[in-house]
Each structure stands twice: as structure tokens, then as C-alpha cells.
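Have a look at the structure below, then the notes.
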Amino acid sequence: MRIIIRKFDLVNIAKSVTGKSFSDIDNKNRLSKGKTKGIFGHVLEESLFNYDINSSSEPDFKDAQVELKVTPVKRNKNGSYSSKERLVLNIINFMSEHQYSFYDSSFWKKNKSLLLMFYLFEPEKSYEDYIILNSILYEYPIDDLPIIKNDYETIINRIKAGEAHLLSGKDTMYLEACPKGTSKTSVREQPFSNIKAMQRAYAFKSGYMTQIVRKYVMGKETNEKIIKDASILESQTFDDYVLSRIKNYIGDSVEALKEKFQVDSKAKNINAQLVSRILGVNNIAKSDEFLKANIKIKTIQQKESGTIKESMSFPAFEYTSIVNETWEESDLRDMFLTTKWLFVIFEKSHEKVHLSDAFFWTMPDEILESEVKSLWQDTVEKIKQGKIYHHTNSRGQRITHFLGSASTKVAHVRPHGLNKNDTYPLPVKEQTLGTYEYTKSCFWLNNSYIKEIILNRKKRA
DNA sequence: GCATGATCATGC
DNA sequence: GCATGATCATGC
């Protein structure tokens with residue numbers, strides 16, 4: 001007789017190992033056979049749930065229609081927790097998937113209910129000793145579903161347009177088509193083009209997974225939402241909705257907006273605060289949608305001449321970390337590959353600053369892999385050689401060897417800290433100064449490049 | 001008026 | 001106490 005396991009039972013079984021390590025659970029000695037991809041899933045399937053390992057288009061637990069996923073959580077330097085990576089789901093069959101609507105898709109059939117088991121990834125520990133943090137039955141929140149459906153449509157529409165080879169994680173918000181294969185040479189045929197496309201799988205982006213971790217594993221309260229009514233997204237995308245809300249205020253002065261929304265602050269991000277109010281939230285950067293989709297807001301001031309007032313800063317890098325990175329797995333490259341920005345332009349005219357434009361932007365791959373890459377390499381090389389300080393100018397400022405905006409087209413390196421005494425340690429001695437620390441620095445997008453982005457956008461429109 | 005080092009106000 | 005987003009200051 002076959003025993004039918006229900007969702008409720010599965011969650012209880014999963015929760016019974018909270019706080020245990022994989023070696024505690026592994027009674028079939030799978031861990032002793034060495035680490036392989038998916039080993040944690042295999043241990044739990046065999047030793048906790050007692051079923052045979054399979055790879056079928058059906059969910060792992062057929063009767064309950066639940067798919068088991070074991071996924072790592074990491075601890076950040078500031079003590080918070082994030083998902084260590086995206087959650088990869090089933091492979092997309094380009095040849096057939098385009099025939100289905102969302103609820104008939106392979107994505108929905110296999111993943112409509114997920115049993116998520118989170119473990120803590122700890123780099124200093126051996127993998128057998130990783131601990132299960134918690135387990136939950138994940139069924140999509142009603143507010144997330146319209147966005148996930150729109151993401152699905154976006155992926156399908158690219159396949160229908162014969163563009164499966166151009167699919168990119170940047171196309172979508174929560175659900176992405178991520179590369180899945182041993183290399184770029186893992187390609188498959190697509191139905192509406194002769195060009196072979198990289199094999200891809202559905203996946204939840206790491207930003208989406210991080211919010212699940214924070215809410216369901218760490219117990220953090222729900223984020224405020226920009227979309228107050230899920231039906232808004234039945235007729236438009238999230239991006240279009242956000243831009244249409246902002247466009248209602250184009251031409252308004254900062255003074256008028258401060259008055260209208262009763263915002264009074266000397267903070268340098270006052271313009272971002274105003275955009276938050278326009279979208280009906282306290283802090284757009286902390287909104288549910290921006291966090292889950294990894295969208296960041298940047299406000300930009302354009303002078304009457306058209307020049308952009310300031311270059312654009314990003315978080316400071318740590319000298320000791322960046323020298324241990326390769327470009328392929330660098331924080332900088334990862335940031336540009338996984339972040340989308342909402343640029344909001346404020347233009348100065350007639351002595352007043354007005355809201356003038358808003359659009360979403362991602363770093364083009366070809367720029368990332370040329371100009372940005374070479375700047376990163378130049379910077380890392382100089383840190384490795386301890387060749388940072390150049391000379392002190394007549395104002396007592398320390399001029400560096402890092403590439404400035406005068407010698408680059410897209411991005412440059414400049415200080416970014418509280419003051420010049422706000423430093424990070426150096427991996428090697430600074431050759432001229434003899435110190436083991438230097439003022440914090442970060443990568444900046446050149447204001448001239450930002451101007452170019454805005455011009456190109458106007459040309460296209 | 002630009003380029004670049006230095007710094008500020010805020011929030012967590 | 002520090003990260004962050006954004007801006008300030010001034011020699012050239």
C-alpha cells in the first residue's frame with residue numbers, strides 16, 4: 001500500500017531537522033562518498049524523506065505536488081543574512097514551453113509549491129557541518145504572483161520572437177531565465193530562429209530569495225509595497241507603472257514637491273525621498289518590489305548646460321577583498337549584472353531644479369566587459385603593487401595613481417568615505433607612504449557617461 | 001568650468 | 001559607528 005504524504009506532513013518532517021547538521025541527518029552515508037552538486041538535496045531525499053532520487057518534470061513529492069529545494073543562506077559582514085545564491089528551478093524547454101500559458105507551464109507544474117529548506121553556509125566550516133536553519137512551505141504571495149507571471153510572459157515572448165539566445169536575467173524582476181549548463185557551449189535549438197541558444201533554467205533571483213530568507217527564516221516584518229493593488233499589474237508592467245506615476249510630476253520644482261509632500265530635510269538624498277513620496281512609500285529603496293528585484297534608485301542633477309552635476313558613486317570596495325577576486329567573479333561585475341537602476345533626472349533651469357525625466361537603466365554587457373573591466377583590472381593591479389599614492393597637491397590633498405575621469409570614458413576611481421582618515425586596510429604596503437591603509441575608494445560612473453546615456457535615450461525615443 | 005580629493009546628513 | 005547616496009570645495 002502506498003502511503004500518501006500531505007503538505008502538512010512534509011513541512012513537519014522538514015522542520016524536525018531544524019538546527020541539525022547534514023552529518024546528523026545522513027544515515028545512508030552519502031556524505032562519505034564525497035561532495036557532488038546537489039549533495040544536500042540527496043541527503044535529505046534519502047535519509048529524511050526516504051525516497052528515490054529522480055529528475056522528472058513532476059514535483060518531487062507527487063501526491064502533495066510539492067517540490068523540494070535545499071538552499072544556502074549566508075551571513076553578511078554587517079550581521080544580516082542573505083540568500084547565498086539564486087534558486088535554480090527546472091530547465092526551460094524552448095521548443096515546447098512557448099505553447100503554454102502560465103498555469104499550464106512547466107514552471108508552474110513543477111514549482112507551484114516549494115518545500116524550501118534553508119541551511120547556513122559557513123566558509124570556515126566543512127560542508128557536512130552546515131546547519132539547517134529552518135524549512136517552510138512556500139506558495140507564492142498574492143502580491144508577487146502578477147510580477148512572476150509578467151516575468152514568465154517576458155521570457156516566453158522572447159522565445160516567440162526568436163530571441164532565446166538573447167535572454168538575460170536583466171529582462172525580468174523575480175523569476176529569471178538563468179544560464180544552466182557546464183559552459184557557454186551548452187546550447188539548445190529554439191523554435192523561431194536557427195541560432196542556438198544557451199541552455200537556461202527558471203530561477204528565482206537572489207534578491208527575491210534574500211527577501212524570503214529575511215521574512216520567513218529571520219522573522220523580519222513585511223516590506224512596504226509600491227503596488228498596493230495587485231490588479232494594477234494585469235494591464236501594465238511594474239516598470240511602466242512606476243514611470244507613469246513619476247511622469248505625473250515632471251516639470252514640478254523640488255521646492256513645490258517638498259511643499260506638496262511635506263518633506264523637509266537637508267539630506268543629500270532629498271530628491272530620492274521625494275520620488276519615494278510620489279510612489280506612495282517612505283523609502284523606495286526599502287520597498288518590497290525594489291528589494292526583491294534588486295532595483296536601486298539614483299537621482300541625477302543636470303545643469304542648464306546639459307552637464308551632469310556629479311559623477312555617480314557606488315559602495316566603497318575593500319582593498320584586501322578586491323585583490324583576491326577575479327574579474328569574472330568580482331563584486332563590481334556582479335553588481336552590474338544583477339542590478340537595475342531607476343534613474344530620476346532633475347534639471348536646473350531658471351535658478352530652480354525641476355523633475356525632468358525618469359527611466360530604468362542597466363549596464364550594457366559590452367561596456368561592462370570592456371571599459372569597466374579594464375578599469376577594474378588597472379585598479380586591482382595598482383593595489384597589488386602598493387602603487388596608490390602619487391603626490392600631495394597644493395591644497396594638501398593626496399592625488400592617487402587610480403584612473404580619474406579625465407582619462408576614462410565610462411567610469412573612474414575616487415575616494416569615498418567619511419573623510420581622508422576613513423580608511424580600509426591594504427593587502428600590501430603602500431610603496432611611497434609605507435602605510436598599510438588608505439582612504440576608502442569606490443568606482444564612479446563618469447558624469448560624461450551619464451550624460452551620454454541620457455542623450456542616447458532621447459535619440460531612441 | 002572641470003577634475004578630483006574630501007566631506008556631509010541620515011538611517012540602521 | 002559606519003555605510004550610503006550625494007554633494008561640496010577649489011586649484012588649475
Side-chain angles (χ1 to χ4, degrees), chain A residues 76-82 214 218 220-221 223-224 254 258 263-277 281-287 290-291 294-319 321 331-332 335 339 341-348 353 355 361 375 379 382 388-425 430 433 437-452:
Chain A
N76 303 314
K77 283 185 201 115
N78 65 10
S80 65
Y81 292 85
S82 296
R214 303 247 168 109
M218 305 303 158
K220 193 176 153 276
E221 58 186 299
N223 307 313
E224 55 176 352
V254 168
K258 281 168 83 171
V263 177
D264 189 25
S265 164
K266 284 179 187 155
K268 286 182 173 179
N269 70 348
I270 174 74
N271 290 351
Q273 289 183 30
L274 293 172
V275 177
S276 297
R277 295 302 188 284
V281 290
N282 282 311
N283 184 350
I284 189 174
K286 296 278 152 67
S287 69
F290 271 46
L291 287 170
N294 202 17
I295 303 170
K296 301 261 164 69
I297 183 173
K298 287 283 189 183
T299 58
I300 295 161
Q301 288 217 47
Q302 192 158 28
K303 296 196 273 189
E304 231 150 347
S305 61
T307 306
I308 305 303
K309 195 165 165 236
E310 305 286 349
S311 293
M312 186 181 284
S313 67
F314 296 98
F317 52 76
E318 292 187 48
Y319 301 110
S321 307
D331 285 349
L332 185 69
M335 177 184 77
T339 312
W341 283 272
L342 171 61
F343 283 177
V344 185
I345 318 296
F346 289 80
E347 203 173 338
K348 187 163 189 181
V353 180
L355 175 57
W361 179 83
L375 173 71
T379 305
K382 284 169 180 164
I388 298 173
Y389 171 81
H390 188 266
H391 71 281
T392 299
N393 70 12
S394 61
R395 295 166 65 198
Q397 297 172 324
R398 306 192 300 179
I399 307 293
T400 71
H401 281 290
F402 292 137
L403 298 181
S405 64
S407 57
T408 56
K409 210 178 104 212
V410 172
H412 64 278
V413 172
R414 248 168 65 204
H416 186 195
L418 283 169
N419 53 46
K420 70 175 176 184
N421 298 320
D422 188 14
T423 62
Y424 272 137
E430 209 298 315
L433 299 172
E437 55 173 2
Y438 202 81
T439 309
K440 290 176 185 172
S441 298
C442 78
F443 293 98
W444 299 68
L445 279 191
N446 295 2
N447 59 349
S448 58
Y449 179 61
I450 298 165
K451 183 178 177 180
E452 199 183 302

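Each chain gets a letter, A, B and so on, in the order its sequence line appears, and its residues count up from 1. Below, each value reflects all heavy atoms present in this structure, side chains not excepted, and no hydrogens, waters or symmetry copies.
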- All pairs passing side-chain hydrogen bond (donor to acceptor under 3.5 Å, both in side chains) where residues 306-315 of chain A contributes a residue, at least two apart: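 For residues 306-315 of chain A, and leaving out neighbouring residues, the side-chain hydrogen bond (donor to acceptor under 3.5 Å, both in side chains) pairs sorted by first residue read A:Ser305-A:Thr307.
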- Item | A:Asn269 or A:Phe402, whichever maps to the more 5' nucleotide of DNA chain B | A:Phe402
Has [X] got a side-chain N or O lying under 4.0 Å from the OP1 or OP2 atom of [N]?
X: A:Tyr438; N: B:dG5; value: no
X: A:Ser313; N: C:dA6; value: no
X: A:Ser405; N: B:dC2; value: no

Check: protein-nucleotides 8-12 of chain C nitrogen or oxygen pairs below 3.5 Å:
from	atom 1	to	atom 2	distance (Å)
C:dC8	OP2	A:Lys309	NZ	2.9
C:dC8	N4	A:Glu310	OE1	3.1
C:dT10	O4'	A:Arg395	NE	3.3
C:dT10	O4'	A:Arg395	NH1	3.4
C:dT10	O4'	A:Arg395	NH2	2.8
C:dT10	O2	A:Arg395	NH1	3.1
C:dG11	O3'	A:Ser394	OG	3.1

- Note on the structure: Residue set satisfying side-chain hydrogen bond (donor to acceptor under 3.5 Å, both in side chains) with A:Asn421, at least two apart, ordered chain then number -> none
- Nearest to the side chain of A:Lys296 - B:dA6, B:dT7, C:dG5?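 Nucleotide nearest to A:Lys296's side chain: C:dG5.
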- Query: In terms of side-chain heavy atoms of A:Ala406, which of B:dA6, B:dA3, C:dA6 is nearest?
  - Reply: B:dA3
- Task: Would you please name every residue forming a salt bridge (Lys or Arg N to Asp or Glu O under 4.0 Å) with A:Lys440, sequence neighbours left out?
- Result: A:Asp422
- Query: Partners of A:Glu452 by salt bridge (Lys or Arg N to Asp or Glu O under 4.0 Å), sequence neighbours excluded?
  - Reply: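 Result, salt bridge (Lys or Arg N to Asp or Glu O under 4.0 Å) vs A:Glu452: none returned.
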- Message: Under a 3.5 Å threshold, yes or no: a donor from one side chain and an acceptor from the other, between A:Ser405 and A:Asn446?
- Response: no
- Message: Can you pull out the residues from residues 301-308 of chain A that lie within a 4.0 Å heavy-atom distance of DNA chain C?
- Response: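 The answer is A:Gln301.
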- Task: Could you say whether A:Lys440 or A:Ile270 is positioned toward the 5' end of DNA chain C, judged by the nucleotide with the nearest heavy atom to each?
- Result: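 Counting from the 5' end, the first nearest nucleotide belongs to A:Lys440.
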